[in-house]
Amino acid sequence: MEQPAAPLPNDFIRDIIDEDLKTGKNLGRVATRFPPEPNGYIHIGHAKSVCLNFGLAGQYRGTCNLRMDDTDPLGESMEFVESIIRDVRWLGFDWGDRLFYASDYFEKLYAFAVELIKKGDAYVCDLNADEMREHRGTFTEPGKASPYRNRSIDENLDLFARMRRGEFADGSRTLRAKIDMGSANIVMRDPVLYRIKREPHYRTGNAWVIYPMYDFAHCLSDALEGITHSICTLEFENNRPLYDWIVARLIEKDRPRQIEFARLNLSYTVLSKRRLIELVQKKYVSGWDDPRMPTVTGMRRRGYTPEAIRQFCQAIGVAKNDNLIDVALLEHCVREDLNEKAPRAMCVLRPLKIILDDYPEGKVEQIQCANHPQRPDMGTRRVPFSRELYIEQDDFLEDPPKKYNRLAPGREVRLRNAYIIKFERLVKDEQSGRIIEIHCSHDPATKDGPPADGRKVQGVIHWVSARHAVTAEVRIYDRLFRIADPGSEEDFLKDLNPDSLEELAGCQAEESLRDSAPGSRYQFERLGYFCVDEKDTKPGKPVFNRIVPLRDSWAKISDKK
RNA sequence: UGGGGAAUCGUUCAAUGGUAGGACAGCGGACUCUGACUCCGUCAAUCAAGGUUCGAAUCCUUGUUCCCCAGCCA
């Protein structure tokens, strides 16, 4: 379904591309890439980048490559590669046959490094990490030249070859760019290009003991793939001069250009890889796919749709301002999408027994219910109705406040899709005072329409037939953190929301929900959108995840009191 | 008192010298067999001070605030 789409304002990246196209740069070609490091699961922040890069390629009839930026074997694995592939594909994007790995370029990158040495632009340095730090200087003081800075090209060539052969210990030597130890930009103070690291790589195994650094590998990988616009986040802005320095020396033509945009921050959650890992490892969540996680896999399990996520990524825009996007916008996008396509159903989360004294025992009516009030094309289903029902505990109050329009002593209420019922009496447990059941009567003339006498019934509540209901578990999720910007706190764990998960075991769902397919989504009327959990659902024993609640203006009214 | 970036409604994105606009959030109302959806209305911003100009969010000057950089991570 392609929307004709109101003309969206250009962002600064599209402005740049339009200008490039106008001036004939890159012969009108637009080539981007999404370059994750396969050392973790991708999250909603990556989704912004995915949508941007693939979106640009789509809009300008260009290409977007998926490239694993796997130059540091520590922590990288095929498991993460597979998860990234699955997640990007699920988000709705296609890279054709252009799945690449920086590790496939290791031989070429090595050759580039040799070329740089030959030009006199790189040297092997024997300083260890501590010494190098000392030589680097500070923000206000220039660095000092390494004593190894002026080795001969031949010696550098020899040493670099021996680094590759494994003749030196880890960390004992590096290959460095020969730039400017006095640069005000610390990135340019002879940055390390290669390090020695005896760490098996998940793809190249033990073939290499030296690995290229990001700054060296990334720009050259871009060039090797013919990337025109290399889009990354703001923290790489300082690295751009190095990107350009390397490319200028090693790439003849069609040099890629790096453009930086502000990464996404989302309120009430964290998006830094380090913090996400901590949540998983310390078991504050059940895993990367915990439905509370902002990971793509977590959101998928929660029941978010790719369409909603894409819409969100478009709605937030692209700029260079630091931002903290209100999670309410994400939830809005999810509701907007699901309102359109989720079939309606009824489920009682906290059951309260209702007995219709004037309804024949043993009688069962099959009530035709619309699957979507605005979309007749989604059809109807039959929902059994009988003498004993469950309603939501919240939908009855012995002593209701003002504006409460549900069931209460002396009142009438409409059962959704069924009769108007009237309160008669209530039965309490004598010891605890807890309400056990409520007896009501029904108005048989109101099944398919308003009461003949024209009286108004203020409230509509949902219900299920007690005999026919299927017992379900429902998991209610709330924001993971109780402050808007937990990422700004060093000890972010202290702000975890202790009530981010509520598991409700005895929920009563309408019969039609008994064998709903894992992954399918419904609107439980008056409650919210729910998704059949793919992991824990067993045949006949559904587990539902609450994706997002419906907007609840009653909650706002009652909270104010 | 190093360098690189960014400052526009509560949040976010736009306005590219010519009416400060959209979305989300908020508030009020209409409709309603979902207190949903939908619809209508409404609140609300140019970091500050100077300057240029008929006219400045936009150009200039000075200042302020915030973010990033001293990994052999990306």
Side-chain angles (χ1 to χ4, degrees), chain A residues 6 8-11 15 35-37 39 69-72 74-75 125 127-129 132-133 136-143 170-176 183-189 191-197 210-211 213-215 217-218 232-241 260 262 267 273-274 315-333 335-336 339-340 344 346 370 372-374 403-406 413-418 420 446 448-450 457-462 484 523-528 549-558:
Chain A
L8 290 161
N10 251 12
D11 53 65
D15 285 345
E37 184 186 14
N39 67 350
D69 207 355
D70 53 359
T71 57
D72 179 1
L74 197 68
C125 180
L127 258 25
N128 65 32
M132 199 178 294
R133 191 177 315 114
R136 190 154 31 224
T138 67
F139 288 145
T140 50
E141 305 158 59
D170 285 13
S172 64
R173 283 184 164 89
T174 56
L175 181 74
R176 292 227 256 167
S183 173
N185 181 357
I186 291 177
V187 171
M188 299 298 272
R189 319 241 260 230
V192 172
L193 266 21
Y194 269 88
R195 74 281 218 184
I196 304 171
K197 202 171 207 173
I210 58 171
Y211 293 97
M213 298 288 292
Y214 164 85
D215 286 306
H218 199 94
C232 64
T233 44
L234 246 31
E235 65 269 26
F236 291 102
E237 228 155 6
N238 294 319
N239 301 50
R240 180 161 20 104
E260 311 86 8
S267 64
K273 200 171 271 185
R274 194 206 101 209
I316 58 178
V318 179
K320 298 190 75 159
N321 301 330
D322 289 325
N323 59 75
L324 182 62
I325 305 287
D326 191 341
V327 70
L329 180 59
L330 213 208
E331 293 174 346
H332 164 79
C333 293
R335 288 191 192 103
E336 190 177 45
N339 177 50
E340 195 62 31
R344 315 283 126 127
M346 291 192 286
H372 195 296
Q374 281 85 33
K403 292 192 180 174
Y404 185 84
N405 58 13
R406 283 110 99 151
V413 74
R414 161 75 71 179
L415 292 179
R416 175 70 169 157
N417 295 312
I420 291 172
T446 55
D448 298 307
V457 175
Q458 58 273 52
V460 180
I461 64 175
H462 60 281
Q523 184 200 97
F524 291 169
E525 289 194 278
R526 302 209 311 129
L527 297 175
L550 253 27
R551 285 182 55 139
D552 186 354
S553 55
W554 168 244
K556 280 176 196 166
I557 296 167
S558 55

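Between A:His332 and B:C24 there is a side-chain polar atom (N or O) within less than 4.0 angstrom of OP1 or OP2. A sub-4.0 Å separation between OP1 or OP2 of B:G4 and a side-chain N or O of A:Arg240 is absent. Between B:U11 and A:Asn323, no contact under 4.0 Å exists linking OP1 or OP2 to a side-chain N or O. Regarding contacts with the backbone of B:C37, every side-chain N or O of A:Arg344 stays at 4.0 angstrom or more from both OP1 and OP2. Phosphate contact (OP1/OP2 of B:A36, side-chain N/O of A:Ser553, threshold under 4.0 Å): present.
Between B:A20 and B:A56, the distance separating the two P atoms is 11 Å to the nearest Å. Taking the P atom of each, B:C67 and B:A74 are spaced 26 Å apart, rounded to whole Å. The same atom, P, is picked in B:G5 and in B:A44; the two are 37 Å apart, to the nearest Å. The gap from the P atom of B:C47 to that of B:A14 amounts to 15 Å, rounded to the nearest Å. Nucleotides B:U46 and B:C40 have their C1' atoms positioned 29 Å apart, rounded to a whole Å. Annotation: B:U61 and B:C69 have their C1' atoms spaced 28 Å apart (nearest Å). A distance of about 10 Å separates the C1' atoms of B:A57 and B:A45, rounded to the whole Å. B:U42 sits 11 Å from B:G22 when the P atoms are compared, rounded to a whole Å.
Below the 3.5 angstrom threshold, one finds a donor paired with an acceptor across the side chain of A:Arg406 and the base of B:G35. For B:U38, its base never sits under 3.5 Å from the side chain of A:Gln374 at any donor and acceptor pair. A donor-acceptor contact under 3.5 Å is formed by the side chain of A:Asn405 with the base of B:G35.
Looking at heavy-atom distances under 4.0 Å, A:Pro373 makes contact with a base. Counting any heavy atom pair closer than 4.0 Å across all strands shown, A:Leu324 reaches sugar-phosphate atoms only and no base atom. A:Val457 comes within 4.0 angstrom of no nucleic acid atom, judged by non-hydrogen atoms across all strands. Nucleic acid contact class of A:Arg416 (heavy atoms, under 4.0 Å, all strands): base. Among the heavy atoms of the strands lying under 4.0 Å from A:Ala418 is at least one base atom, whether or not backbone atoms are also near. Residue-level contact check: A:Tyr404 touches the bases, meaning some heavy atom is under 4.0 Å from a base atom. The residue A:Gln523 sits close to a base: some heavy atom pair falls under 4.0 Å.
Rounding to the nearest 0.5 Å places CZ of A:Arg195 at 10.5 Å from CD1 of A:Ile210. Considering CD of A:Glu37 and OG1 of A:Thr71, their distance stands at 6.5 Å, rounded to 0.5 Å. The CD atom of A:Glu340 sits 8.5 Å away from the CD atom of A:Gln374 when rounded to the nearest 0.5 Å. To the nearest 0.5 Å, the span separating CD on A:Glu525 from CD1 on A:Ile461 amounts to 13.0 Å.
Checking side-chain atoms of A:Ser267 against main-chain N and O of A:Val327 turns up a donor-acceptor pair under 3.5 Å. With A:Asn39 contributing its side chain and A:Leu74 its backbone, the two residues share no donor-acceptor pair below 3.5 Å. With hydrogens and angles disregarded, a donor-acceptor distance shorter than 3.5 Å links the side chain of A:Arg189 to the backbone of A:Ser183. Formation of a donor-acceptor pair under 3.5 Å by the A:Arg335 side chain with backbone atoms of A:Pro549 is found in this model.
The heavy-atom pair separating A:Met213 from A:Val192 by the smallest distance is CG-O, 3.3 Å. Taking every heavy atom of both residues into account, A:Lys197 and A:Tyr211 meet most closely at O-CE1, 3.3 Å.
Sequence order on RNA chain B of the closest nucleotides to A:Thr71 and A:Gln458 puts A:Gln458 first from the 5' end. For the pair A:Asp11 and A:Val460, both in contact range of RNA chain B, the more 5′-proximal nearest nucleotide belongs to A:Asp11.
The separation between A:Asn10 atom CG and B:U16 atom P is 13 Å, rounded to whole Å. The interatomic distance linking A:Arg526 (CZ) with B:A36 (C1') rounds to 10 Å, in whole Å. The interatomic distance linking A:Trp554 (CH2) with B:C37 (P) rounds to 17 Å, in whole Å. For A:Glu336 and B:U38, the CD to C1' distance is 12 Å, given to the nearest whole Å. A straight line from CD of A:Glu331 to P of B:A25 spans 10 Å, rounded to a whole angstrom.
With a glycosidic angle no further than 90° from 0, B:G71 counts as syn.
No aromatic stack links A:Tyr214 and the base of B:A74, using centre distance under 5.5 Å and interplanar angle under 30°.
Here A:Phe236 pairs with A:Tyr214, A:Cys232, A:Thr233, A:Asn239, A:Gln258 under the side chain to side chain contact (heavy atoms under 4.5 Å, CB included) rule; sequence neighbours left out.
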*Reading nucleotides 66-72 of chain B 5' to 3', which nucleotides get B (base under 4.0 Å from a protein heavy atom), which S (sugar-phosphate only), which -?*
-SBBBSB

*How would RNA chain B look in dot-bracket form, 5' to 3', counting Watson-Crick and G-U wobble pairs with both distances under 3.5 Å and writing | for bases paired to another strand?*
.((((((..((((....[..)))).(((((.......)))))....(((((..]....))))))))))).....

